A.B. asks: 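This is the structure I want to talk about, given as structure tokens.
These figures come from a predicted structure and were not determined experimentally. Chain A is the first sequence line, chain B the second, and so forth, proteins listed ahead of strands; every chain is numbered from 1.
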Amino acid sequence: MKKSMKRKLIFWGFLGPSLIAFTIVVLVPFVVGIYYSFTDWNAVPGSTIHFVGLVNYKNVFNDPQLIRAFRNTFIYSFYAVFLINTIGFLLALLVTQKMRSANLLRTVFFMPNLIGGLILGYVWKFLFLKIVPNIFQTDGNMLSKPSTALIAMAIVATWQMGGYIMVIYVAAIQGIPSELLEASKIDGANSWQNIKSIIFPLVAPAFTVSMFLTLRSAFMIYDVNVSLTNGDPIRSTELIAMGILSKAYKELNFAQGQVQAILFFVVVASVSMIQVYYSKKREVEM
Amino acid sequence: MNSGNEPDIFNIGGPVERDQWIDFLEPLTNQPWVEKSFKGTLDMLTIDGEVYGQPYNIEGYGLIYNVDMFQKAGINPENIKTLSSLEAAFAKLEDMKDTLGIEDVLSFSIVDTAWWTAAIHAINIPFAKQENPLEFIENLNNMTATMSGNDRFMAFTNLMDLYFKYSYSDLMTVSYDDQVGDFALGKTAVLHQGNWTIGMLDEIDPDLKVAFLPHPLNDDSSWTNGSIPIGVPNYWCVNKKASEDKKDAAKLFLDYMASSERGAKFLVEECSFIPAFSNIKLEPSDQLAASILEYSAKGDTVPWVWMYTPSGFCDIVVKEAIQNYYLGNSDKKAFLEALDKGWTELSSK
């Protein structure tokens with residue numbers, strides 16, 4: 001009896017503070033937000049809030065800019081997921097080779113992940129605008145054209161997240177039994193065959209994890225978006241998160257922005273749920 | 001405001017915000033500084049004769065030109081009151097690029113940290129030069145007027161063409177720092193900006209001699225082509241829901257800023273403001289402020305009208321439309337139609 005009381009106390013003692021914080025800053029605003037999405041709320045305190053039913057939800061699907069933002073986000077996510085995973089995997093291969101600088105390189109590649117996206121965006125903006133054109137001796141730059149601006153953003157995201165994903169791949173590669181690699185070496189496999197037939201299939205679980213991690217971060221990106229392009233040119237790089245803020249704070253259409261945020265939540269939650277489902281399934285198989 | 005810890009003094013940008021926050025605005029009509037405010041500076045925060053805000057200051061913008069370069073090029077700025085004379089001046093500067101040591105004629109921007117140069121300040125010109133700007137806005141709101149087909153807006157596209165032609169080869173990446181910095185460093189001869197840039201200009205080149213040119217829309221002398229837009233960027237308001245003694249203190253403070261000598265000194269010298277009150281006799285401390293006062297003494301001013309546009313019109317609709325027009329994705333007709341469409345959508349919600 002006494003022991004179970006103590007256990008309960010410890011349990012709530014640890015859980016309590018974060019549960020309270022979570023309730024105050026996540027749960028309550030979330031529920032209030034859902035309520036606001038059915039009203040004509042305009043963020044002025046004291047003004048009467050009218051219940052308008054599903055009007056906002058109807059409008060949201062007639063908003064061409066939201067559809068554009070979703071399309072941009074999908075395109076960007078495609079670039080980002082592809083680049084981050086490719087680079088991350090290549091870096092992982094590099095730093096698992098037997099060389100002296102492997103540990104140092106791991107740290108170096110991981111470091112950009114420790115810098116905030118906002119700062120990264122400003123640094124890279126400078127690079128894209130002033131340095132890159134100078135190196136390649138061109139007048140053009142990637143940020144001024146709609147077709148390349150999203151790729152530029154994906155490059156920055158790769159620089160930031162590539163090292164993080166690399167760590168996941170490194171762990172997976174190191175988990176490969178060395179006898180398998182030795183056996184293939186004895187059979188006369190060259191390094192490409194080695195990668196293709198041994199390493200690649202065996203890091204597949206890590207690939208699933210990284211895939212969803214990058215997909216989710218690509219969907220939710222906001223900081224790099226603001227500092228690198230801020231939606232320019234012609235709103236072609238305005239991704240969903242930024243679109244929601246435009247709706248709410250520029251058009252002062254808070255209720256409509258709230259509906260978009262809920263829609264956004266549903267999409268991101270679905271992606272995350274699929275991720276959890278697949279990772280769990282893999283774990284069982286292994 | 002939403003934090004639950006409401007301020008006693010807060011700022012309101014213009015009539016759209018005024019209407020939104022009207023429940024919080026304490027009437028200030030019987031304050032001593034109201035009588036001393038310059039004509040027109042209180043209009044935006046006045047409803048039925050009741051004044052709700054104190055103007056921060058007066059600001060103005062136009063085409064800031066490098067006086068020495070114009071002299072060297074033999075251009076008399078006094079004569080630039082029409083679109084064709086402006087074009088002639090730009091063409092001459094373009095021809096003399098090497099002699100003057102400039103890279104481009106005009107520092108303009110439509111993106112980045114200076115997007116408002118085009119999407120707020122430039123777009124204000126065709127609004128402000130309507131015969132009756134506020135009536136025009138009213139008509140836009142009740143859908144009896146459109147921007148496409150309007151003579152001022154048609155002329156405005158010509159002015160934009162002129163800017164695009166004589167400004168940077170790629171306008172899509174020009175930040176505020178590029179824009180103002182290039183002008184201060186003598187890389188450009190003309191800058192589309194306002195008197196708030198004086199701090200940065202002085203910092204880079206204290207000897208720079210500058211003044212304002214107007215933005216003419218055409219050659220018609222009946223249009224206010226020789227004028228520059230002048231307005232009040234922000235107003236101080238007192239929170240109606242604060243306690244009585246706090247409200248009294250807030251009013252006293254606002255009056256102190258406007259009426260006392262120290263307040264005046266602070267506004268003029270510390271902030272480089274042009275005060276909106278006639279009792280302040282201090283001479284403006286910088287050339288751009290002096291140039292603005294020159295225009296306003298002659299009555300060559302038009303108002304700032306963008307405060308009357310629906311929320312999101314400038315920073316979303318106009319910005320995108322101008323960028324599309326610049327990139328050649330839309331022609332003049334489509335450009336103005338995009339503005340109309342955006343206006344209708346935003347004002348009807």
Side-chain angles (χ1 to χ4, degrees), chain A residues 29 32 40-48 52 55-56 59 62-65 68 121-122 125-126 128-130 132-133 138-149 152 226-238 242-243 245-257, chain B residues 1-6 12-13 16-25 109-115 118-119 168-175 177-178 239-241 309-330 338 341-342 345-349:
Chain A
V32 173
D40 63 351
W41 181 57
N42 62 359
V44 177
S47 67
T48 33
V52 295
V55 173
N56 292 327
N59 287 340
N62 293 327
D63 186 346
Q65 180 59 33
R68 238 179 109 193
Y122 287 123
K125 185 174 179 176
F126 176 74
F128 279 125
L129 292 183
K130 314 276 174 190
V132 177
T138 66
D139 283 335
N141 68 72
M142 293 182 80
L143 295 182
S144 64
K145 279 183 244 44
S147 51
T148 51
V226 167
S227 54
L228 191 71
T229 67
N230 205 6
D232 287 334
I234 47 170
R235 300 187 90 184
S236 62
T237 61
E238 192 175 292
M242 185 183 260
L245 265 97
S246 289
K247 195 50 138 191
Y249 289 94
K250 286 185 180 169
E251 293 184 26
L252 298 183
N253 201 340
F254 289 92
Q256 196 73 50
Chain B
M1 275 293 178
N2 274 313
S3 68
N5 185 11
E6 292 170 5
I12 286 284
V16 174
E17 283 180 24
R18 173 198 71 193
D19 292 344
Q20 201 178 6
W21 293 93
I22 190 71
D23 294 340
F24 290 84
L25 301 182
S109 175
I110 56 174
V111 288
D112 208 313
T113 43
W115 61 269
Y168 303 99
S169 60
D170 185 2
L171 272 178
M172 293 304 286
T173 55
V174 185
S175 69
D177 290 347
D178 292 336
N239 190 348
K240 198 178 183 177
K241 307 203 168 163
T309 62
S311 301
F313 179 69
C314 292
D315 47 0
I316 298 182
V317 176
V318 180
K319 183 178 165 191
E320 188 183 4
I322 288 183
Q323 291 180 358
N324 263 325
Y325 181 56
Y326 172 73
L327 290 171
N329 297 340
S330 59
K341 185 165 164 280
E345 272 167 19
L346 290 171
S347 62
S348 65
K349 75 143 205 264

A.B. asks: So what's closer than 4.5 Å to chain B heavy atoms on A:K247: side chain, backbone, both or neither?
C.D. replies: neither

A.B. asks: Assess the residue pair B:I316 and A:Q65 against the criterion (side chain to side chain contact (heavy atoms under 4.5 Å, CB included)); give the C-alpha distance rounded to whole Å, side-chain angles, the decisive distance to 0.1 Å, and a yes or no.
C.D. replies: CA-CA 11 Å; B:I316 298 182; A:Q65 180 59 33; over 6 Å; no

A.B. asks: Give, as side chain, backbone, both or neither, the part of B:L327 having an atom under 4.5 angstrom from any heavy atom of chain A.
C.D. replies: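 Answer is side chain: those atoms of B:L327 sit under 4.5 Å from chain A.
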
A.B. asks: Using heavy-atom distances under 4.5 Å, tell me whether A:I234 contacts chain B through its side chain, its backbone, both, or neither.
C.D. replies: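 For A:I234, heavy atoms of backbone and side chain both lie under 4.5 Å from chain B.
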
A.B. asks: Do NZ/NE/NH1/NH2 and the carboxylate oxygens of A:R68 and B:E320 come within less than 4.0 Å?
C.D. replies: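 Answer for the salt bridge query: yes.
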
A.B. asks: What distance do B:T113 atom OG1 and A:N230 atom CG have between them, rounded to the nearest 0.5 Å?
C.D. replies: 9.5 Å

